[in-house]
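Notes follow once the structure below has been shown.
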Amino acid sequence: MQRFKALLPQQTRSSLRTLCSHRRAFSAQPNYAKHHDDDSQEQILVEGRAKSRAAILNRPSSLNSLNASMVARLKRLYDSWEENSDIGFVLMKGSGRAFCSGADVVRLYHSLNEGNTDEAEQFFKTLYSFVYLQGTYLKPHVAILDGITMGCGSGISLPGMFRVVTDKTVFSHPEAQIGFHPDAGASYVLSRLPGYLGEYLALTGDKLNGVEMIACRLATHYSLNARLSLLEERLGKLITDEPSVVESSLAQYGDLVYPDRSSVLHRIDTIDRCFSHETVEEIIEALEKEAAESNDEWYSTTLRRIREASPLSLKVTLQSIREGRFETLDKCLVREYRMSLRGISEHVSSDFFEGVRARMVDRDFAPKWDPPRLKDISEDMVEYYFSPLSEVQSELVLPTALREPYM
């Protein structure tokens, strides 16, 4: 318990609140019907303010999931705003009940099935370049993560300077459950969480609420959803490019919070014991051993989540988090780009296609993973995801000589 308290912001107990975490099943996805995308200018709205600009993700019916045109527009806007001396800082938020549910993998799934691999490659390249832009942005950036924040939704926001969460925030990385891997800088962010919490979140796809994100430093500020309008009104009036001024305004409308007793953060010692092992098999064995000695349902729930995921994705994801712990943001993004292209290639496995089909297209929730068991996965199969790309596919090139991340 003393170790956990060290993770929390300094605050008095009289000001602490107990908030219910917003737990949603992974299957709570938008109803993806085949449709034509609106123009990117309607999907990414822009608000001009006194000394700032706001980018608003505006696909609420799809939980603001990102497509190629949205990411491209975000990058163009952020590049131009950074060069504009009249703009002091930038803000990003989402419309509706989500900040961003990640990439529009259903669109990606259909596009790949139609043979449009070039479009997928360009999507990942633009997305990861934008994540790097966020992590090296020269101006203060405020991301308001109000609502569902999944997958690469965290990648386009967490590398920025200020991350505001609310009582409606739901954060998760469920990629292994759809036969993929946490990407868009996730191996950098998750690997730097306390202890082995990152491995736990990546392998299980479990969720954190806004209070928990504050406690483990994923977020910088907490505000009740009901106060966001006041916070945004305050920010909109600022005439500044000073991070300290933006920070003090965010703090003015912030709330002091503490994770409730049911929070997984109170299990940090257990997570460290079980998820610090070298392999997925050893992690499962450790969980099974502790489950046999306890009546705690948390163990059986955790084991079920892991067993529902793609076995190959579990192994690839664990290695990605472990490598990310010793890499810079740009190195993580370059490696994740390789992994993503390999993941959609079907050269080793078609688990991405099967996972998206089972969970988000046909919704039978019965994916047939290939290979179906951990013991069927060779080291060569895993290493294929991390090896350099062939001459046919170019590596991701980031402007590291011009932009150094402050993270």
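Sequential numbering from 1 along the given sequence is applied to the chain's residues.
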With a cut-off of 6.0 Å (strictly less than), are more than 12 heavy atoms of other residues, nucleotides or ligands near CD of E395?
-> yes
Give the intermediate values and the outcome of side-chain hydrogen bond (donor to acceptor under 3.5 Å, both in side chains) for residues N67 and Q43.
-> CA-CA 9 Å; N67 58 39; Q43 296 172 349; 3.3 Å; yes
Is any side-chain heavy atom of S172 less than 4.5 Å from a side-chain heavy atom of D206?
-> no
Calculate, to the nearest 0.5 Å, the distance between atoms CG and NZ belonging to L228 and K168 respectively.
-> 10.0 Å
Under the 3.5 angstrom rule, does the side chain of R234 hit a backbone N or O of Y253 as a donor-acceptor pair?
-> no
Kindly determine whether I156 and M92 satisfy side-chain contact (heavy atoms from CB on, under 4.5 Å), including the steps that lead there.
-> CA-CA 9 Å; I156 64 169; M92 184 190 293; 3.9 Å; yes
Backbone N/O of S65 and side chain of S62: donor-acceptor pair under 3.5 Å = no
Supply the atom-to-atom distance I283 CD1 to R273 CZ, rounded to the nearest 0.5 angstrom.
-> 14.0 Å
Got a donor-acceptor contact below 3.5 angstrom from the S157 side chain to the G153 backbone?
-> yes
Would V264 and L208 satisfy side-chain contact (heavy atoms from CB on, under 4.5 Å), going step by step from the backbone distance to the final call?
-> CA-CA 8 Å; V264 71; L208 297 181; 3.9 Å; yes
D351 and S349: side chain donor to acceptor below 3.5 Å | yes
Going from CD1 on I44 to CD on E42, what distance comes out if it is rounded to the nearest 0.5 angstrom?
-> 12.0 Å
Determine yes or no for a side-chain-to-main-chain donor-acceptor pair under 3.5 angstrom, with T126 supplying the side chain and Q122 the backbone.
-> yes
Backbone of Y196 reached by a side-chain donor or acceptor of D272 within 3.5 Å | yes
Using atom types as modelled and distance alone, determine if a side-chain donor or acceptor of T220 lies under 3.5 Å from a backbone N or O of R163.
-> yes
Salt-bridged, K289 to E285, with N to O below 4.0 Å?
-> no
OG1 on T169 to CG on L145, rounded to 0.5 Å = 6.0 Å
Return yes if some donor-acceptor pair links the side-chain N/O of R217 with the main-chain N/O of M213 below 3.5 Å, else return no.
-> no
Partner set under side-chain hydrogen bond (donor to acceptor under 3.5 Å, both in side chains) for E242, not counting sequence neighbours = none
Return the set of residues passing side-chain hydrogen bond (donor to acceptor under 3.5 Å, both in side chains) with D183 (not counting sequence neighbours), or none when no residue passes.
-> Y128
Heavy-atom side-chain contact between N209 and E212 under 4.5 Å | yes
Nearest atoms (heavy-atom pairs only) where P259 meets A215 = CG-CB, 3.8 Å
Verify side-chain contact (heavy atoms from CB on, under 4.5 Å) between H181 and R342, making sure each step is shown before the conclusion.
-> CA-CA 11 Å; H181 67 98; R342 294 285 161 74; over 6 Å; no
Check each of E281, E383, E278 against K315 using the salt bridge (charged side-chain N to carboxylate O under 4.0 Å, His left out) test, and report the only one that passes.
-> E281
Those residues at least two apart in sequence (or on a different chain) that pass salt bridge (charged side-chain N to carboxylate O under 4.0 Å, His left out) with D364 are R357
Got a second to check how far L333's CG is from M339's CE, nearest 0.5 Å?
-> 12.0 Å
Is it the case that T117 and E121 place a side-chain donor and acceptor less than 3.5 Å from each other?
-> no
Ring pair (Phe, Tyr, Trp, His ring centres under 6.0 Å) pairs, two or more places apart, involving residues 298-328 = Y200-W298
Side-chain (E354) to main-chain (W369) donor-acceptor, under 3.5 angstrom = no
Ignoring hydrogens and angles, state whether a donor on the side chain of S187 or E336 is under 3.5 Å from an acceptor on the partner side chain.
-> yes
Got a sec, which residues hit salt bridge (charged side-chain N to carboxylate O under 4.0 Å, His left out) with E346, two or more places apart in sequence or on another chain?
-> none
So, are E199 and R325 salt-bridged, with charged N and O less than 4.0 Å apart?
-> yes
Salt bridge (charged side-chain N to carboxylate O under 4.0 Å, His left out) against R49, all qualifying residues, sequence neighbours excluded = E47, E232
Beyond-backbone contact of V90 with S52, side-chain heavy atoms, under 4.5 angstrom = no
Sequence neighbours left out, what passes side-chain hydrogen bond (donor to acceptor under 3.5 Å, both in side chains) with S95? Give chain and number order.
-> N58
Within the side chain of S129, is there an N or O that forms a donor-acceptor pair under 3.5 Å with the backbone of K125?
-> yes
Are side-chain heavy atoms of I377 and L314 found at a separation under 4.5 Å?
-> no
Flag the pair L396 / R335 as yes when at least one side-chain heavy-atom distance between them is below 4.5 Å, and no otherwise.
-> no
Could R76 and Y78 be counted as a cation-pi pair, given that NZ or CZ must be under 6.0 Å from the ring centre and within 45° of the axis?
-> no
Less than 4.5 Å apart, any side-chain heavy atom of C100 and any of M150?
-> no
Output all residues satisfying side-chain hydrogen bond (donor to acceptor under 3.5 Å, both in side chains) with S345, sequence neighbours left out; order by chain, then residue number.
-> none
Any chance you could lay out the side-chain contact (heavy atoms from CB on, under 4.5 Å) test for Y132 and T136, step after step, and finish with the verdict?
-> CA-CA 6 Å; Y132 187 69; T136 59; 3.7 Å; yes
Side chains of T166 and N225: do they bring a donor and an acceptor to under 3.5 Å?
-> no
Are any of the side-chain heavy atoms of P311 and D376 separated by less than 4.5 Å?
-> no
Is K139 salt-bridged to D241, going by a charged N under 4.0 Å from an acidic O?
-> no
Cationic N near anionic O, under 4.0 Å, D146 to R97 = no
Using ring-ring contact (aromatic ring centres under 6.0 Å, His included) as the criterion, list what pairs up with F171, not counting sequence neighbours.
-> H173
Check: E82 side chain, Y137 main-chain N or O, donor-acceptor pair, under 3.5 Å = no
Atom NZ of K207 and atom OG1 of T149: how far apart are they, to the nearest 0.5 Å?
-> 12.5 Å
Any pair counted as salt bridge (charged side-chain N to carboxylate O under 4.0 Å, His left out), so long as it reaches residues 293-304, sequence neighbours left out | R267-D296, R304-E308
With sequence neighbours left out, what residues match R227 under salt bridge (charged side-chain N to carboxylate O under 4.0 Å, His left out)?
-> D255
Residue pairs passing the ring pair (Phe, Tyr, Trp, His ring centres under 6.0 Å) test where at least one lies in residues 334-356, sequence neighbours excluded = F180-F352, H347-Y384
Heavy-atom side-chain proximity of L197 to I268 below 4.5 angstrom = yes
